[in-house]
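See structure below.
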Number of protein chains: 2
Amino acid sequence: MRPLVAVDWGTSSLRVARVDADGTVLEERSSERGILTVPAGAFPDILRETCGDWLHQPEALCLVSGMAGSRQGWQEAPYCSCPAGFTDLSRALAWIEPERIALVPGLRFEFLDTPDAMRGEEVQVFGAMDLLRLQAGMFVLPGTHCKWVRVADGRVQSFATFMSGEFYALLRQHSILARTLPEEDGPLEEAAFLRGVHHAQQARSLLHSAFSARTLALFGRLPTQALPSYLSGLVIGEELRSRALHGLEVVLIGAPALTERYALALRTLGCQSRSLGSEATWRGHWALARTLQKS
Amino acid sequence: MRPLVAVDWGTSSLRVARVDADGTVLEERSSERGILTVPAGAFPDILRETCGDWLHQPEALCLVSGMAGSRQGWQEAPYCSCPAGFTDLSRALAWIEPERIALVPGLRFEFLDTPDAMRGEEVQVFGAMDLLRLQAGMFVLPGTHCKWVRVADGRVQSFATFMSGEFYALLRQHSILARTLPEEDGPLEEAAFLRGVHHAQQARSLLHSAFSARTLALFGRLPTQALPSYLSGLVIGEELRSRALHGLEVVLIGAPALTERYALALRTLGCQSRSLGSEATWRGHWALARTLQKS
């Protein structure tokens, strides 16, 4: 296999890795040059500044995933429709330099006349499938816009986006709760977090349960410093409430600080989980490159 | 009955009315002097500036409802616990000048170890009960923090707060959706609003459904100017989804622009409603004054 330069180019950050033929990550770099900071036409220059030395290797293949493939990015790589597997994705690559640099398309899924979309997470899911040798399962990618991705027969069959990270930030910073919450989140208070998770199961909507963060403070029933953990539990608990879990086993992919919260919430609701971090991203690029070179 | 000066003193506005013995509203005034604008100790002065001429009438009784009775207001009037009726409320008044000026306490309700609270809406509910001669029913007060209030045997038995107005504003102004939505809301687009209401019933959580406002725009499936109506439908629809409606008949109390949206959403989900406006507020003060003078 050719040497691989894997690029995960999101809205607010740019991460790159040099991966060898057997999938080992030799070197990683990251910068704050997310696509929102890149002027039109400057994508090739920024990539060269970040990892030009790697790109100069003979035969290097560069796969770019994430929002760089969106309308606001380097060039639009049209979404690939579900169900989609490695082969579908590799066929839908948008080549910037033929055989050298390609944008990985995102996925789209349509349900009840309403489209859903992702860009970047699909590579992480394929990486997790490859690492764990799974052809089926539920993959959950917590974050600003958390994705629940259902895989069967080695292909993504469907997925759903939850704006959980964003709702937490909105409530934390801009809502009436912001007046009550302490300035800093502090470390997770597990009891308060789990209380939030359980309350969310009863309340049936975050529109209602979120107000309890205010009243519990108002009546002195929860110390101020526990409120961020409680609110986090309400938001993650709301997300889990709306899924038919029934003892489901899920694979969590993301930063440990977040996947640990999801694992805790899932466990208290009777579900098992395994967690993967950034290794899934680079493995996904590598598995895609392998598929590409086989076909 | 003595002449009544009814005061509805909320967070961001101050409204007053002079009500005669049979409940007729003789005169109304309002100002932007909500409690957030009033320095500590200045409440008596602001009230005198607003309606001092009315307070000088011999025998005038002044009842003040709303956040003026909160810890951040004129003086704290401790919450009255549910179930609570006219008599409970009149006994729990916090007198500022004996027999002359009183703060109406808010209500609190406890469910599953979690308190809920209201201040001001209880007077509107009692006013609506009096106007419609109802001793039981479901009263819904849309707004920043919408209240669902269940009345039986002439007393408020339970209630729940939904932060619907606030969530709409958060998503409208501070979320990723703000980038896609037009600057002004424009008039309600009924079809887009109802599409939002229906989608909310399927999506099972606003965390998920809210993302559809982004994807429908992204894929050119809903014109930009229809997005505020669609988002409003998602939020109100989410609130209704979480309630066990089953053909319930509700009384809506609030500004027509909002109660009309709720009526529309309720009707499409098979529920009937009646609507009342500010007349419920003044009628509530008057009915409370009547109860007080009888007892």
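Chain naming here is simple, since letters A, B, ... match the order of the sequence lines and numbering starts at 1 in each.
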Polar side-chain atom of Gln157(A) near backbone of Ala152(A) as donor-acceptor pair, under 3.5 Å: yes
Does any heavy atom of chain A fall under 4.5 Å from the side chain of Leu218(B), the backbone, both, or neither of them? both
If you tally heavy-atom pairs under 4.5 Å against chain A, which of Ser242(B), Pro115(B), Ala160(B), Ala169(B) wins? Pro115(B)
Spacing of Leu141(A) atom CG and Ile253(A) atom CD1 [to the nearest 0.5 Å]: 4.5 Å
Keeping the roles fixed (side chain from Glu121(A), backbone from Arg119(A)), state whether a donor-acceptor pair exists under 3.5 Å. yes
Interatomic spacing from OG in Ser70(B) to CD in Glu76(B) - rounded to 0.5 Å: 7.5 Å
Mind checking salt bridge (Lys or Arg N to Asp or Glu O under 4.0 Å) for Asp88(A) and listing every partner two or more places apart, or none if nothing turns up? Arg155(A)
Residues of residues 195-206 of chain A under 4.5 Å from chain B (heavy atom pairs)? Arg195(A), His199(A), Gln202(A), Arg204(A), Ser205(A), Leu206(A)
If we define contacts as heavy-atom pairs under 4.5 Å, which of Ala210(A), Ser209(A), Ser175(A) has the most with chain B? Ser175(A)
Validation row: Leu89(A), Leu107(A) side chains within 4.5 angstrom (heavy atoms): yes
Max heavy-atom pair count under 4.5 Å with chain A, selected residue of Thr215(B), Asp113(B), Leu112(B): Thr215(B)
Using heavy-atom distances under 4.5 Å, tell me whether Phe167(A) contacts chain B through its side chain, its backbone, both, or neither. side chain
Quick check on the interface: out of Asp116(B), Thr161(B), Thr144(B), Leu170(B), who has the most heavy-atom pairs with chain A under 4.5 Å? Thr161(B)
For Arg221(B), check side chain to side chain donor-acceptor pair (under 3.5 Å) against everything at least two apart and list the hits. Glu110(A)
Backbone N or O of Leu171(A) within a donor-acceptor pair of the Gln173(A) side chain at under 3.5 Å? no
Comparing Ile176(A), Val235(A), Leu216(A) against chain B, the one with the most heavy-atom pairs below 4.5 Å turns out to be Ile176(A)
Once ring-ring contact (aromatic ring centres under 6.0 Å, His included) is applied, what residue pairs with a partner in residues 215-249 of chain A remain, sequence neighbours excluded? Phe219(A)-Tyr79(B)
What part of Arg243(B) lies closer than 4.5 angstrom to a heavy atom of chain A: side chain, backbone, both or neither? backbone
Does any N or O in the side chain of Thr37(A) come within less than 3.5 Å of the main-chain N or O of Gly34(A), such that one atom is a donor and the other an acceptor? yes
Give the member of His208(B), Arg214(B), Glu239(B) that has the highest number of heavy-atom pairs under 4.5 Å with chain A. His208(B)
So, does Trp9(A) use its side chain to make a donor-acceptor pair with the main chain of Gly69(A) at under 3.5 Å? no
Quick check on Glu166(B) against chain A: is it the side chain, the backbone, both or neither that has a heavy atom closer than 4.5 Å? side chain
